[in-house]
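All remarks here apply to the structure that follows.
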Amino acid sequence: MAQGDPGRQRFGSAHHGYRLRPPLEEETIRLFEQQHGVRLPASYRGFLKDVADGGAGPDHGLLGLTEEVDDEEALHDLREEGRSAGFLATPFAHTTGWPGPGKGHDANYSVAGSLVIGECGCGTFHRLIVTGRKAGQVWLDDPDWGGLTPGPDFRDWYLAWLATA
């Protein structure tokens, strides 16, 4: 992808630079799971262990599981929320999308059971569903306009991005 976009003109590429962070050790992943009372979805867990702990990915890239976020970035508060006690272990309540304010509803929906894994921009984020019936899927979270939109399994989501090169 980097060779096809040497000037980094593709959206988000200036942020992630088509670079991947080093993969995580099994023990690091297991410790995260123990601390949060969850088992990460298999496709995401495998990616962390065998490919990368974030970096190049859709939009502004893939946030690493262990990556610290500057407290001035939009992701900071969402990252902290996702690390609060019991948040990830709470089953994700949704099985279908939740229309947001731009579709005549409100943004008063729960995202417990999901982990923010990326930023799209303009207050919109990618969330990996960690618990509940939709665990493993990546949903789009647009609280200011579109609400929650279901998406594919993490592996399919990431491969779809790679296929757009």
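These numbers come from the heavy atoms of this one structure, side chains and all, not from hydrogens, waters or symmetry mates.
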Leu24 side, atom CG; Lys49 side, atom NZ - distance, nearest 0.5 Å: 11.0 Å
Straight-line distance of Ser43 OG to Leu48 CG, nearest 0.5 Å: 9.5 Å
Residues that Tyr158 engages under ring pair (Phe, Tyr, Trp, His ring centres under 6.0 Å), provided they are two or more places apart: Phe47, Trp161
Spacing of Leu62 atom CG and Glu119 atom CD [to the nearest 0.5 Å]: 13.0 Å
Side chain proximity check, Tyr18 to Arg10, heavy atoms < 4.5 angstrom: yes
Test log, rule side chain to side chain contact (heavy atoms under 4.5 Å, CB included), inputs Phe154 and Gln137: CA-CA 6 Å; Phe154 174 82; Gln137 292 181 348; over 6 Å; no
Polar side-chain atom of Arg79 near backbone of Leu63 as donor-acceptor pair, under 3.5 Å: no
Over all atoms of both residues, closest heavy-atom pair of Leu148 and Ser110: CD1-O, 4.2 Å
salt_bridge(Arg45, Glu26) N-O dist < 4.0 Å: yes
Heavy-atom side-chain proximity of Val138 to Ile117 below 4.5 angstrom: yes
Residues Asp142, Thr149; criterion side chain to side chain contact (heavy atoms under 4.5 Å, CB included); working and verdict: CA-CA 8 Å; Asp142 179 6; Thr149 305; over 6 Å; no
Derivation and outcome, side chain to side chain contact (heavy atoms under 4.5 Å, CB included), residues Met1 and Leu162: CA-CA 8 Å; Met1 291 181 96; Leu162 288 174; 3.7 Å; yes
Test salt bridge (Lys or Arg N to Asp or Glu O under 4.0 Å) applied to Glu81 - qualifying residues, sequence neighbours left out: Arg127
Short side-chain to backbone donor-acceptor contact, Glu80 and Asp77, under 3.5 Å: no
Check: Thr90 side chain, Ala112 main-chain N or O, donor-acceptor pair, under 3.5 Å: no
Heavy-atom check, side chain of Asp106 versus side chain of Trp98, under 4.5 Å: yes
Salt bridge (Lys or Arg N to Asp or Glu O under 4.0 Å) against Arg39, all qualifying residues, sequence neighbours excluded: Glu33
Nearest-0.5 Å distance that lies between atom CG in Asp144 and atom SG in Cys122: 9.5 Å
Single-linkage hydrophobic cluster Val51~Phe32, side-chain heavy atoms < 4.5 angstrom: yes
Hydrophobic cluster identity match, Ile129 and Phe125, side-chain contacts under 4.5 Å: no
Leu140 and Cys120, any side-chain heavy atoms less than 4.5 Å apart: yes
Show me the side-chain donor-acceptor pairs of residues 52-60 shorter than 3.5 Å, one per line, residues at least two apart or across chains.
residue, atom, partner, partner atom, Å
Asp53, OD1, Leu65, N, 2.5
Asp53, OD2, Arg21, NH2, 3.4
Asp53, OD2, Thr66, OG1, 2.6
Asp59, OD2, His126, NE2, 2.7

Inter- and intrachain pairs under ring-ring contact (aromatic ring centres under 6.0 Å, His included), touching residues 127-150, at least two apart: Phe92-Trp139
Min side-chain heavy-atom separation Leu31-Gln35 under 4.5 Å: yes
Thr95 vs Lys134, side chain to side chain contact (heavy atoms under 4.5 Å, CB included): CA-CA, chis, key distance, verdict: CA-CA 6 Å; Thr95 56; Lys134 299 299 179 176; 4.0 Å; yes
Salt bridge (Lys or Arg N to Asp or Glu O under 4.0 Å) partners of Arg83, counting only residues at least two apart: Glu68
Co-membership, hydrophobic cluster, residues Leu40 and Trp157, 4.5 Å side-chain: yes
Gln34 CD: over 12 foreign heavy atoms closer than 6.0 Å: yes
Test side-chain hydrogen bond (donor to acceptor under 3.5 Å, both in side chains) applied to Asp153 and Tyr44, step by step: CA-CA 9 Å; Asp153 177 77; Tyr44 180 65; over 6 Å; no
Pro41 vs Leu128 side-chain heavy atoms within contact, under 4.5 Å: yes
Minimum heavy-atom distance Pro99-Gly97, with the two atoms named: CD-O, 3.9 Å
